[in-house]
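Notes follow once the structure below has been shown.
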Amino acid sequence: MATDTIGTILYTQEDIWQRAKELGAQITEDYRDKELVLVGTLRGAVMWMADMMRNINLDMTIDFISASSYGSGTCSSGNVVIKHDVELDVTGRHVLIIEDIIDSGNTLKFLKDHFAHRGAASVKICTMLDKPSRRTADVYGDYIGYTVDDLFIVGYGLDFDQKYRNLPYITYLEG
């Protein structure tokens, strides 16, 4: 592992691209002949969403949602708020939520229920990172890039107080 001024690099851009290619092939196979809607979670999943879009070889529609249980802190409040909802009608469509990281799982549990109540044919999750040690909600990724330890991860879309999103790799903040 290489060292950087931000911290220790966990996954390089090339690592992430390779994993997106592998997951994209699996999703392509799983959703063949289905009406797929990718829903990216703003803002953290934007880079991962772009990678997944490039690697899923199907016709699809996309939309974005902004929901959070964090605010500017590092611990989930447990209270999920939708700041921007999707504009597409998901009724009868297969929704694949594209997420940057599953941490407590509170937001994703809320979003899965939200889309199910809106009539989605199915709702699954494709996450770049999974942090199961912090899970408090009963929700799991269907397509997982990498499983990570209980670290405060930044880079490749993930932030700390809106900083570090543009790092082309995944690292963590120490202390």
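Bear in mind the structure is a predicted one, so any value in this text is a computation, not a measurement. If you read the sequence from its start, that first residue is 1, and numbering goes on from there.
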_Option from Asp100, Thr171, Asp51, Asn166 for which side-chain hydrogen bond (donor to acceptor under 3.5 Å, both in side chains) with Tyr156 holds_ = Asp51

_Gap between atom CG of Asp149 and atom CZ of Arg134 - 0.5 Å precision_ = 12.5 Å

*asked:* Nearest 0.5 angstrom please: Thr8 OG1 to Leu151 CG, how far?
replied: 9.5 Å

*Could you pull out the closest heavy-atom pair between Thr147 and Pro132, with the gap in Å?*
CG2-CD, 3.6 Å

*Rounded to the nearest 0.5 Å, how far does NE2 of His114 lie from CD1 of Ile82?*
4.0 Å

*According to a 4.5 Å side-chain heavy-atom criterion applied to Ile, Leu, Val, Met, Phe, Trp and Tyr, with indirect links allowed, do Tyr140 and Val123 form part of one hydrophobic cluster?*
no

*Applying salt bridge (charged side-chain N to carboxylate O under 4.0 Å, His left out) between Arg118 and each of Asp63, Asp89, Asp85, report the one that passes.*
Asp85

*Sole residue of Val37, Val39, Val95 in side chain to side chain contact (heavy atoms under 4.5 Å, CB included) with Val86*: Val39

*Locate the shortest heavy-atom distance separating Ile56 from Thr28; write the atom from each residue and the value.*
CA-OG1, 3.4 Å

*asked:* Do Leu111 and Thr41 make a side-chain contact, defined as non-hydrogen atoms from C-beta onward lying under 4.5 Å apart?
replied: yes

_Any Tyr164 side-chain heavy atom under 4.5 Å of Leu158 side chain_ = no

*Do Lys124 and Asp30 touch side chain to side chain, with heavy atoms closer than 4.5 Å?*
no

_Backbone of Leu23 reached by a side-chain donor or acceptor of Arg19 within 3.5 Å_ = no

*asked:* For a 4.5 angstrom cut-off between non-hydrogen side-chain atoms, does Asp130 reach Arg135?
replied: yes

*asked:* Please give me the minimum heavy-atom distance between Asp15 and Leu10, naming the atom from each residue.
replied: OD2-O, 4.4 Å

*Using 30° and 60° as the class limits, which term best fits the ring planes of Tyr31 and Tyr143: parallel, tilted or perpendicular?*
tilted

*Would you please name every residue forming a side chain to side chain contact (heavy atoms under 4.5 Å, CB included) with Ser133, sequence neighbours left out?*
Lys131, Asp150

*His84 and Ile65: which non-hydrogen atoms are nearest, and at how many Å?*
O-CG1, 3.1 Å

*So among Lys21, Met128, Met47, which one has a side chain to side chain contact (heavy atoms under 4.5 Å, CB included) with Ile16?*
Met128

*With sequence neighbours excluded, give me every salt bridge (charged side-chain N to carboxylate O under 4.0 Å, His left out) pair touching residues 37-46.*
none

*Work out which heavy atom in Asn106 is nearest to a heavy atom in Val80; give both atom names and the distance.*
O-CG2, 3.7 Å

*Would Leu108 end up clustered with Val81 when hydrophobic side chains under 4.5 Å apart are linked, directly or stepwise?*
no

*Assess whether side-chain contact (heavy atoms from CB on, under 4.5 Å) is satisfied between Leu129 and Trp48, documenting all intermediate values.*
CA-CA 10 Å; Leu129 302 173; Trp48 180 240; over 6 Å; no

*Can you measure from CG (Leu38) to CE (Met52) and round to the nearest 0.5 angstrom?*
8.0 Å

_If the threshold is 4.0 Å, N to carboxylate O, is there a salt bridge linking Asp113 and Lys109?_
yes

*asked:* Minimum heavy-atom separation for Asp142 and Lys112, please, with both atom names.
replied: OD2-NZ, 4.4 Å

_Identified side chain to side chain contact (heavy atoms under 4.5 Å, CB included) partner of Ile102 from the options Thr107, Val148, Thr127, Ile144_ = Thr127

_We want to know whether Gln26 and Glu22 form a side-chain donor-acceptor pair, criterion being a heavy-atom distance below 3.5 angstrom._
no

*Any salt bridge (charged side-chain N to carboxylate O under 4.0 Å, His left out) pairs touching residues 90-99, not counting sequence neighbours?*
Glu35-Arg93

*CD1 of Ile153 to CZ of Phe160: how many Å apart, nearest 0.5 Å?*
14.0 Å

